[in-house]
Each structure stands twice: as C-alpha cells, then as structure tokens.
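Chain letters run A, B, ... following the sequence lines, proteins first, then strands; residues in each count from 1.
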Number of protein chains: 2
Amino acid sequence: MWQPSIAPGAVDRIACVGAGVIGGGWVAHFLARGHRVTAWDPAPDAEERLRRIVGAAWPALESLGLAEGASPDRLTVAATLEEAVADAEFVQESAPENLELKSDLLARIDAAAPIGVVVGSSTSGYRMTDMQAAAAHPERLVVGHPFNPPYLVPLVEVVGGERTDRAAVEWAAEFYTLTGKRVVLMDREVTGFIANRLQEALWREALHMIAEGEATVAQIETAVTAGPGLRWPFHGPSTTFHLAGGEGGIAHALDHFGVDGPWTRLDSPPLTDELRKALVTGAAEVTGGRPAAELIAERDRRLIAVLRALREAGA
Amino acid sequence: MWQPSIAPGAVDRIACVGAGVIGGGWVAHFLARGHRVTAWDPAPDAEERLRRIVGAAWPALESLGLAEGASPDRLTVAATLEEAVADAEFVQESAPENLELKSDLLARIDAAAPIGVVVGSSTSGYRMTDMQAAAAHPERLVVGHPFNPPYLVPLVEVVGGERTDRAAVEWAAEFYTLTGKRVVLMDREVTGFIANRLQEALWREALHMIAEGEATVAQIETAVTAGPGLRWPFHGPSTTFHLAGGEGGIAHALDHFGVDGPWTRLDSPPLTDELRKALVTGAAEVTGGRPAAELIAERDRRLIAVLRALREAGA
C-alpha cells in the first residue's frame with residue numbers, strides 16, 4: 001500500500017514539468033500561494049518564456065491577494081527533469097497533449113521523484129490508466145486537470161487510474177484544495193472528464209449551426225455571453241432547470257418541458273425513474289432545498305454583480 | 001407591404017400578454033425603461049402575482065439604474081386581452097409554451113392591435129411560421145425570445161416567420177436594442193433558436209453523464225461554475241478556442257486539437273474548408289483581429305472582475 005511522505009498542508013517545494021501556457025499558469029498559481037517552485041521544460045527559451053508568463057500573471061494574482069512570502073523569486077528553472085523533481089514534495093506535469101509523450105514523461109518523473117510524492121497530470125482528456133502503464137510506481141500518479149488560466153480559474157478535476165492508490169487521489173484533492181482550487185473528485189475515469197465534455201457538446205452544436213448556416217460565429221458568441229453565459233458562473237444546468245420549474249422545481253420542469261424536445265442535435269437519454277430521482281435529489285442537494293423565491297433573489301443579486309463587474313471591466 | 005405606425009424610439013405604451021415568470025419579467029423590464037405597460041393574463045390572481053414579480057425585481061432594477069420617470073405605477077392590468085392591446089404601440093406575448101395556445105393568442109392579439117404595431121412572441125422554441133398561421137396580419141408577428149430573468153439578462157433572439165415582413169423584424173430588433181437589450185437578429189428560423197440549442201446540448205451531455213453514473217449533479221454544477229462557466233459571460237466557444245490556439249489562434253487550434261475527439265457524445269460536423277474558413281474569419285471578426293497577448297490580458301481582467309463580484313455577492 002502506497003503512503004504519502006508528507007501531509008498536503010506541509011508541502012513547500014513543488015516541481016512543474018512542462019512550462020507552456022498551462023504549466024506556466026500552474027507555476028504562477030503555486031508561486032502566488034507562497035510555494036517554492038522548480039520548473040523544467042525542454043524548450044531552449046523555456047526560462048525566458050516562463051518568467052514572462054509569471055510576470056504577466058503577477059499583477060492579477062497580487063490584486064486577488066498573495067499568500068505570505070509569495071514571490072516570483074521563489075522560482076528556479078532546472079537544467080534537467082530529474083533535477084527538477086529530485087527533492088519535490090509534489091509534481092505537476094503539463095506536457096503537450098500526446099499520449100506517448102505523457103506516458104514517457106510520467107515514467108521519467110516517477111523514476112526520479114521520491115516514492116511518497118504525488119504526481120498530478122494536467123492532461124485535458126487522457127485517462128490515467130492509459131498514461132500510467134510505463135511507470136514503476138503508478139499508485140501515486142493522478143490526473144489534476146486545470147482550466148485556462150490555471151492561476152485564475154479555480155476548477156481542478158481530480159481522478160486516478162486503475163493502478164492509482166485511492167490515498168494518492170485523496171491526497172491530491174486535499175492538496176489542490178489547500179492551494180485555493182475548487183476540486184471535483186471523480187470516482188470514474190471518463191475521457192475528457194466532466195467540464196470539457198460539457199463545453200465540447202456546446203461547441204459541437206455551435207459547429208453544426210455554423211456549418212449549416214443557421215448561425216454565425218458572432219451570433220453564437222453574443223447568444224452565449226449576453227444570455228445563459230451570464231448565469232453559468234454561479235448556476236450550472238441543473239440549477240437553471242430547477243429554477244425554470246418555479247416553486248415546483250426541477251420535478252415540475254421535467255414534467256412540463258421534458259428532456260427530449262427538438263432543441264439540439266444531441267439526443268437525450270431516456271428519462272427513467274432512476275435518472276429523474278438523481279436529478280431531483282441532486283438539485284435539492286446543490287440548492288440546499290431552499291425555496292424558489294430565495295434562490296431567485298440570490299440569482300438576481302449574483303447576476304447584477306456579474307453585470308456590474310463586466311461593465312466596470314469594459315466588457 | 002407592411003409599414004410600422006411608429007418609430008421604435010417613439011414607443012411609450014407597451015402591452016404584455018401573459019404575466020407569468022417571463023411575461024412579468026418583461027413588464028418589469030419595460031417599466032424600468034420608463035414605459036407605460038398594460039398587462040393582461042387570464043389567471044384570477046394575475047394582477048397580484050404580477051405586482052409581486054415587479055416589486056421583487058424593482059430593487060435590482062433601481063440598483064442598475066432606472067430610466068427617467070420609470071415607475072411601477074405606470075403598470076395597468078386590463079380586464080381583457082383586447083383592452084390591453086387596443087392602443088398599444090408594441091405588444092409582447094408570453095403565454096405558456098403550447099403551439100395551439102400561442103397561435104390562437106397571437107391571432108386574437110393581431111385582430112385587436114392596430115395594424116402598424118409589431119407583436120413579439122417570447123416563445124422559447126417554436127418557429128413563427130408555425131405560430132402565425134391563424135393571424136390575419138402575420139407580417140408584423142416576430143419572435144423576440146428573452147432569457148430568464150428578462151429584466152436582467154440582456155439577450156433577445158429576434159427572428160421572423162415566412163410570412164413576417166422584414167421591416168417588422170428590423171423594427172423589433174431596433175426597438176429591443178433601444179430598451180437596453182442585446183439583440184441577435186437571426187436570418188433563419190431554427191427550432192430553439194441559438195442560445196437554447198447551445199445550452200440544451202450541454203444539458204444533454206450532463207444528463208447522459210448522470211444517467212451513466214459518470215458524474216453527479218453536484219459535480220456537474222461545480223465543473224461549470226468553477227470552470228468554463230466563469231469565462232462564458234465574456235467569451236463564447238469560438239473565442240475560447242481561438243485563445244487555446246495561442247498566437248496561432250483558432251486556425252492553429254483547429255489543426256492541433258481538431259473538432260472530433262472522443263470528448264462528448266455529440267458527433268462533430270466534418271471540418272470542411274468552408275467551415276474552417278467561417279471559423280477563422282468569424283474569430284477574427286469577434287476579436288477585432290487583436291493579438292493573443294492583448295486578448296489574454298483582457299480575459300484575465302474580466303475573469304478577475306467576475307471572481308471578485310461573485311466573492312462580494314457571497315457566491
């Protein structure tokens with residue numbers, strides 16, 4: 001059984017392998033939370049580019065509030081991958097999205113990093129089961145999928161592969177949470193995880209509409225940003241549907257609107273009793289069972305806050 | 001040829017037919033913009049409910065800024081539909097989503113409202129061609145589809161039916177815009193219009209994931225609101241994909257990621273030269289052809305504004 005060598009809250013030294021847009025974003029995030037970061041990237045101009053990414057992100061991070069002692073000076077760029085991870089207490093891998101490349105890199109990280117250290121991969125879609133095959137200690141390899149830019153968007157999707165120890169998955173979830181991230185801890189491996197699948201479905205309906213001449217790129221951008229996009233920073237699809245049902249909530253909305261109207265090219269699954277129950281109990285859980293009037297008042301306060309913020313930010 | 005009896009900017013008196021959640025939201029919106037509104041709804045407690053909706057929305061509308069002279073006292077509730085629309089300069093219909101009911105109601109409105117007056121329907125999915133069949137003057141019947149709540153979410157999708165005069169569609173687009181709405185003027189009738197199709201595709205991928213046990217309602221809510229949902233108030237899917245391509249923009253992203261990965265159940269259309277061109281020129285149009293670094297800095301400013309606003313609103 002695998003055991004972590006350090007508690008999530010005691011981590012100081014983090015290694016970031018791969019320092020492009022995502023890896024560089026992670027570096028900025030961890031530095032802002034006060035960590036020491038050692039980065040490695042094979043590109044000849046990696047250090048210069050990385051310091052530019054961190055420098056560009058820093059004013060934003062300062063304005064949101066830095067951890068005590070946080071400084072871009074706590075960044076070191078290592079000459080080799082092995083050097084970067086040798087005394088790391090956590091490793092984040094953010095290589096380009098290529099299965100063979102990522103498998104090889106994870107095996108190299110695994111060979112060089114202390115055994116009790118968790119390694120998170122930024123992959124945006126591969127299953128850890130497919131990436132961990134070549135590693136000697138696959139039990140501490142975990143997906144920790146961020147969203148762009150990782151120093152501002154809080155979401156991290158955390159999931160293990162078939163050979164990952166559950167303790168490593170839980171360690172990673174706790175660690176990311178302690179650095180200020182919002183973690184979705186997945187119990188099952190799904191290609192693309194959750195958020196990318198959802199935004200990909202939306203993108204594909206958009207692609208069909210553009211391909212068929214039903215809508216233009218500009219119309220779709222406005223339809224999202226002036227419409228449902230304004231609610232998505234605080235209400236996901238179930239809460240939206242729950243409120244569409246008024247006092248009757250999602251149960252009424254399901255009866256009234258159904259889920260299989262001619263509104264998109266993606267067919268709906270059948271609305272079985274089981275799915276219906278999952279939706280109704282899920283909506284009650286995420287809304288805390290509060291009455292519609294209270295949820296509506298809260299939605300309006302948040303909408304106004306978002307509208308005002310965008311106005312002030314010149315959008 | 002149909003001709004409007006009044007310029008969009010000269011409208012004072014508006015009739016709202018149907019005063020539920022959406023109709024009541026329109027009433028609140030028009031009152032806040034300084035209009036006189038006459039409403040009608042067949043429910044016995046319609047007036048009481050409507051005044052409650054307006055009263056609940058008013059503090060939000062005040063905080064965003066009212067038009068000169070705007071007052072809830074400018075609302076009258078009429079005893080009959082015919083009385084409500086008799087001297088209206090614009091009519092908004094917001095009846096329940098039932099094709100026969102809406103067709104009948106639009107025919108009655110059409111029979112009672114002056115011929116030069118535009119009638120907008122709040123339908124969330126029906127084509128005007130299917131709703132205008134029973135009307136004597138179908139040329140001034142237009143879809144003006146709002147988003148909930150209509151007094152806060154700016155988007156209105158405007159489209160005519162086969163028998164709608166183009167002048168009426170353009171009049172409606174200008175009128176809604178003058179009342180502070182963001183209009184998407186559609187050239188083609190598509191069931192569900194644009195924004196509902198996009199959010200419906202996302203919702204169905206979510207339903208499949210819940211049905212298959214791949215994700216829970218709560219995980220999906222967090223995946224949206226802590227992830228891509230934070231960007232959707234200012235970046236639609238094309239802009240997001242454009243930025244994912246770095247300096248190479250959407251052209252590079254299309255080459256690098258493609259559009260047909262195994263990330264959702266909805267198949268992609270083929271990436272033809274024509275679609276590719278529409279995406280590349282569309283992204284250039286919506287981003288004004290500005291360089292990636294500038295777009296990224298702007299995105300970060302807006303993200304921070306949204307994150308701060310939500311924090312202050314207690315989200």
Side-chain angles (χ1 to χ4, degrees), chain A residues 60 147 152 154-155 182 184 188 190-192 194-208 210-211 214-215 217-230 232-234 236-238 262-264 266 268-269 275 278 282 286 300-306 309 313 315, chain B residues 60 147 152 154-155 182 184 188 190-192 194-208 210-211 214-215 217-230 232-234 236-238 262-264 266 268-269 275 278 282 286 300-306 309 313 315:
Chain A
F147 283 75
L152 291 180
L155 182 63
R182 284 290 301 279
V184 170
R188 275 184 46 188
V190 186
T191 304
I194 299 173
N196 270 351
R197 292 189 71 88
L198 300 174
Q199 66 172 345
E200 193 70 22
L202 184 154
W203 174 229
R204 291 203 181 168
E205 183 65 37
L207 289 172
H208 280 287
I210 295 164
E214 294 170 352
V217 166
Q219 287 175 327
I220 287 168
E221 295 297 294
T222 303
V224 170
T225 58
L230 292 167
W232 274 322
F234 50 85
S238 299
W263 307 305
T264 161
L266 179 55
S268 166
L275 176 56
V286 297
D300 286 6
R301 280 196 305 277
R302 293 177 178 179
L303 257 175
I304 290 168
V306 170
Chain B
F147 283 75
L152 291 180
L155 182 63
R182 283 290 302 279
V184 169
R188 275 185 46 188
V190 186
T191 303
I194 299 173
N196 270 351
R197 293 189 71 88
L198 299 174
Q199 67 172 343
E200 194 68 24
L202 184 153
W203 175 229
R204 291 202 182 168
E205 183 66 38
L207 289 172
H208 281 287
I210 296 164
E214 294 169 352
V217 166
Q219 287 175 327
I220 287 168
E221 295 297 295
T222 303
V224 170
T225 58
L230 292 167
W232 274 321
F234 49 86
S238 299
W263 307 305
T264 161
L266 179 54
S268 166
L275 176 56
V286 297
D300 286 6
R301 280 196 304 278
R302 293 178 178 178
L303 257 176
I304 289 169
V306 169

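- Heavy-atom pairs under 4.5 Å with chain B were tallied for A/Ala278, A/Ala313, A/Ser238, A/Gly282; the largest tally goes to A/Ser238.
- The residue among A/Gly227, A/Ser268, A/Ala211 with the most heavy atom pairs within less than 4.5 Å of chain B is A/Ser268.
- With values rounded to the nearest 0.5 angstrom, B/Leu266 atom CG is found 11.0 Å from A/Arg197 atom CZ.
- To the nearest 0.5 Å, the span separating CG on B/Leu275 from CG on A/Leu207 amounts to 6.0 Å.
- For the ring pair (Phe, Tyr, Trp, His ring centres under 6.0 Å) test, residues two or more places apart in sequence or in another chain that qualify with A/Trp232 are B/Trp232.
- Rounded to the nearest 0.5 angstrom, B/Leu202 CG and A/Arg204 CZ are separated by 13.5 Å.
- When the candidates A/Gly229, A/Ala223, A/Pro233 are compared by the number of heavy-atom contacts under 4.5 Å with chain B, A/Pro233 comes out ahead.
- Scanning both residues, B/Ala309 and A/Ala305, for their nearest heavy atoms gives CB-O, 3.3 Å.
- A/Ile304 CD1 to B/Leu152 CG: the interatomic distance, rounded to the nearest 0.5 Å, is 5.0 Å.
- No other option in A/His208, A/Gln219, A/Glu214 has as many heavy-atom pairs under 4.5 Å with chain B as A/His208.
- When heavy atoms are compared at a cutoff of 4.5 Å, A/Val286 approaches chain B solely by way of its side chain, counted from C-beta outward.
- Here B/Thr264 contributes atom OG1 and A/Gln199 contributes atom CD; the two are 11.0 Å apart, rounded to the nearest 0.5 Å.
- Judged by distance alone, with hydrogens and angles left aside, the side-chain atoms of B/Glu221 form a donor-acceptor pair with the main-chain N or O of A/Gly236 at under 3.5 Å.
- Chain B forms the most heavy-atom pairs under 4.5 Å with one residue out of A/Pro262, A/Ala226, A/Gly192, and that residue is A/Ala226.
- Counting heavy-atom pairs closer than 4.5 Å to chain A, the top-ranked of the candidates B/Asp300, B/Leu230, B/Thr222, B/Thr191 is B/Asp300.
- Every ring pair (Phe, Tyr, Trp, His ring centres under 6.0 Å) that B/Phe147 has, sequence neighbours left out, goes to B/His145.
- By number of non-hydrogen pairs under 4.5 angstrom with chain A, the leading residue of B/Ala60, B/Pro237, B/Ala215, B/Pro154 is B/Pro237.
- When A/Ile194, A/Ile210, A/Val306 are compared by the number of non-hydrogen pairs under 4.5 Å with chain B, A/Ile194 comes out ahead.
- Atom CG in B/Leu198 sits 6.0 Å away from atom CD1 in A/Ile220 (nearest 0.5 Å).
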